[in-house]
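Data first, discussion second: the structure below is written as structure tokens.
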There are 2 protein chains.
Amino acid sequence: MKFESATIKDIAKALNLSTSTVSRALRGSYEISAETKKQVLEYAEKINYRPNPIALSLKERRTRAIGVVVSEIANNFFSQAINGIESIAYNRSYHVIITQSHESAERERVNVEHMAARGVDGLLVSLSSEATDLSYLKELHEKGMPIVFFDRVTNEIQTHKVIADNYLGAFHATEHLIYQGYKKIAHITSSPYLSITKERLDGYKAALEKHKIPFNESLIKHCNHGGMIVEEVEDVLNELYKSKTKPDAIFTAGDRLTIVCFGILKRMKQKKEAGFTGFTNTQVGDLFSPQLTVVRQPAFDIGQTATELLIQIIESRRPVTEFETRTLETSLIIRESSLKKANSAAESGSVQA
Amino acid sequence: MKFESATIKDIAKALNLSTSTVSRALRGSYEISAETKKQVLEYAEKINYRPNPIALSLKERRTRAIGVVVSEIANNFFSQAINGIESIAYNRSYHVIITQSHESAERERVNVEHMAARGVDGLLVSLSSEATDLSYLKELHEKGMPIVFFDRVTNEIQTHKVIADNYLGAFHATEHLIYQGYKKIAHITSSPYLSITKERLDGYKAALEKHKIPFNESLIKHCNHGGMIVEEVEDVLNELYKSKTKPDAIFTAGDRLTIVCFGILKRMKQKKEAGFTGFTNTQVGDLFSPQLTVVRQPAFDIGQTATELLIQIIESRRPVTEFETRTLETSLIIRESSLKKANSAAESGSVQA
DNA sequence: CTGAAAGCGCTAACAA
DNA sequence: TTGTTAGCGCTTTCAG
């Protein structure tokens, strides 16, 4: 149950050369005669020789592989981000290893440690909602593992970060609802540990403040599993609609949360009057009924940017000590779901935010 | 820019033992004194020793990793299948390496060869729509690489296969449209090279035949990129609606194709009368307008089953020569989009197919 | 019970 | 220009 590939040794034996000569010839070293080189190259080609990357990694301590940790690939934002990651990695000839944490800190850690042990050259991570103890990551980073965070980042580790402008995205979404005449805007969001949660909440609050709408704590609801557990979202919505200050609009943070919430509302027939918008990168917001107003993140760009920064660290000769945080713009795509029913035909289109 | 972990050598040196003794102690060999064992284990624990998996792979020729190739993770079917794969792999302590072909034969090949070279213990593959020359896979398989195909399979390689019952799924979907009174049912499908294309087309034909509806070649359209290129789908739809035999219903094969097609139709305002259904594993078919009738594949199960079969091959002592093809049931979930507008309130619900 | 040495495939410093 | 040798981290004969 194994498959031997040709090795440098086979070539050496066949050609009556030493392995080092073959090795050098293969990599086109200048100190090998054209004659020998040609011979080796041809034979290698003939037997379809492929260097063994495992042996190479062992020797060189590098793998030309980048490890990625996201919570869930079945999430529009992440799958688009991953495509961005791959697009850069591919033409810089890095391989991409994708793993999912499923929002579990434990899984996240196992994945990271496995990839580290397997010798990935760097890590692209978007933290899980459970992630609180980051000491293992910190340690890894201190030992020299290049890491770039994207989307869900942390301040505990000094490195590059790439995020969407969650603050402004939330601000504009909320303001849009306000302009529509909504006053009691609920914000349903994810685990308070996540950076994105705070950023979006801040944007939401800022919009309220700007428009002199008092902030009401009871309109903020956390779904710690980010919509992975449907009951959690249902409970939150029930609470919201049972409370004295029933919301007249809902603004959700998070891709999965938005879709799940939208679905439940639809089933609850509660959506009739409530304005609705949320963060999601779904491609099919215009196919829904009502058509969905969304805050869209530049997921592909975020993936690309993060990868560029990571490769930059990986390939840097000297330790990188200057780190930056890149913030990319979101866009608010206005459709039916957020429009006051009176004027629902009006103001539909896409707006930069 | 590197991070040294403790090695067996460090332990040996610290404890004044030989590396072989340490190695044996670590793996609990019976021929090591309890004394020494304890000493080694404790020290290893203390310095948080982790064996280097790269060195292990080099030596043992196995990695406890499974490689996966799918066309696109941003596809409901595949992301669900991957979750199935991971669920099994995880508790059999295999790691899963996910790669995307983006429907390119070239990318597929690069991915497969890279994973093979990296020493994955086995491969789970769903072929890309471009895949025609499978000789490299065949060769790999003959050299002993365990491979299980799922979803998009091939007969060129003798191994386990796990698929949905595409034939019956298509049959029931088509028949459902016929029962609704549709007569000119177009079938929009993917590359003719794919196994699923043929299976679904056959099911479609069989349903027509059963109901004595003549088969009309011009109602069959192939989108060779499976919906990745939107224009391709638009062209096909335009052709369809310009031809003399305008379809009165559309049945699509393929997840992405279904969604893209549905979206275009909606924009074309053509959907008004046309019945519509297709293969897709979207979770949000009921949020669309009109609500979408879908053929749903047991993606998670398919992933699980394929993984179980693969691990079975990997861990089998003797070469496996008996192969099976597992076929899992699809389900037809009937909603608005496929119902004749006259009776659109009627017959809505889920049906096993 | 423990150690020395070889070897997995490859590169590179050092010799020739 | 080419060969010899050591070594990356680990396991495993083979000796002691």
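Letters go in sequence order (proteins before strands), and every chain restarts at 1.
Rounded to whole Å, the distance from CD1 on A:I54 to C1' on C:dT11 is 17 Å. Rounded to whole angstrom, the span from the CZ atom of A:R50 across to the C1' atom of C:dC10 amounts to 16 Å. Remark: P of D:dT1 and NZ of A:K37 are 9 Å apart, rounded to the nearest angstrom. A:Y49 has its OH atom 7 Å from the C1' atom of C:dC10, to the nearest Å. D:dG3 atom C1' lies 15 Å from atom CG of A:L15, rounded to whole Å. Between B:L58 atom CG and D:dC8 atom P there is a gap of 13 Å when expressed in whole angstrom units. C:dG7 atom P lies 18 Å from atom CG of A:N52, rounded to whole Å.
At the heavy-atom level, A:S57 lies nowhere under 4.0 Å from the strands shown. Using a 4.0 Å heavy-atom criterion, one finds that B:L17 contacts the sugar-phosphate atoms exclusively.
Within a 6.0 Å radius of CD in B:E35, other residues, nucleotides and ligands contribute 12 heavy atoms or fewer. Surrounding OH of A:Y193 are at most 12 heavy atoms belonging to other residues, nucleotides or ligands under 6.0 Å away.
For residues 46-60 of chain B, every residue pair satisfying the side chain to side chain donor-acceptor pair (under 3.5 Å) rule, not counting sequence neighbours, is listed here: A:R118-B:S57, B:N48-B:R50. Within the structure, every pair that satisfies the salt bridge (charged side-chain N to carboxylate O under 4.0 Å, His left out) test and touches residues 84-103 of chain B, not counting sequence neighbours, is listed here: A:R107-B:E86, B:R92-B:E315, B:E103-B:R152. Annotation: salt bridge (charged side-chain N to carboxylate O under 4.0 Å, His left out) contacts involving residues 5-31 of chain A, sequence neighbours excluded, are absent.
OP1 or OP2 of D:dG9 has at least one side-chain nitrogen or oxygen of A:R61 nearer than 4.0 Å. Between B:S18 and C:dG3 there is a side-chain N or O to OP1 or OP2 distance below 4.0 Å.
Taking all atoms of both residues into account, the shortest heavy-atom contact from A:A131 to A:E108 is CB-OE2, 3.3 Å.
Taking for each of A:K59 and A:K9 the nucleotide of DNA chain C with the nearest heavy atom, the 5'-most of the two is the partner of A:K9. Between A:N16 and A:E60, the residue whose closest nucleotide on DNA chain D is further toward the 5' end is A:N16.
Here the side chain of A:I8 is nearest to one of C:dT11, C:dG9, C:dT2, namely C:dT11.
Taking A:E45 as the reference, nothing meets the salt bridge (charged side-chain N to carboxylate O under 4.0 Å, His left out) condition, with sequence neighbours excluded.
Within a heavy-atom distance below 4.0 Å of DNA chain C, the residues of residues 19-33 of chain A found are A:S20, A:S23, A:R24, A:R27.
Direction change of the helix axis from one end of the helix from C:dC1-D:dG16 to C:dA16-D:dT1 to the other is 60°, with five pairs defining each end axis (rounded to 10°).
No side-chain heavy atom of A:H102 sits under 4.5 Å from any side-chain heavy atom of A:S71.
B:T36 and B:S33 are linked by a side-chain donor-acceptor pair at a separation below 3.5 angstrom, with hydrogens and angles left out of the test.
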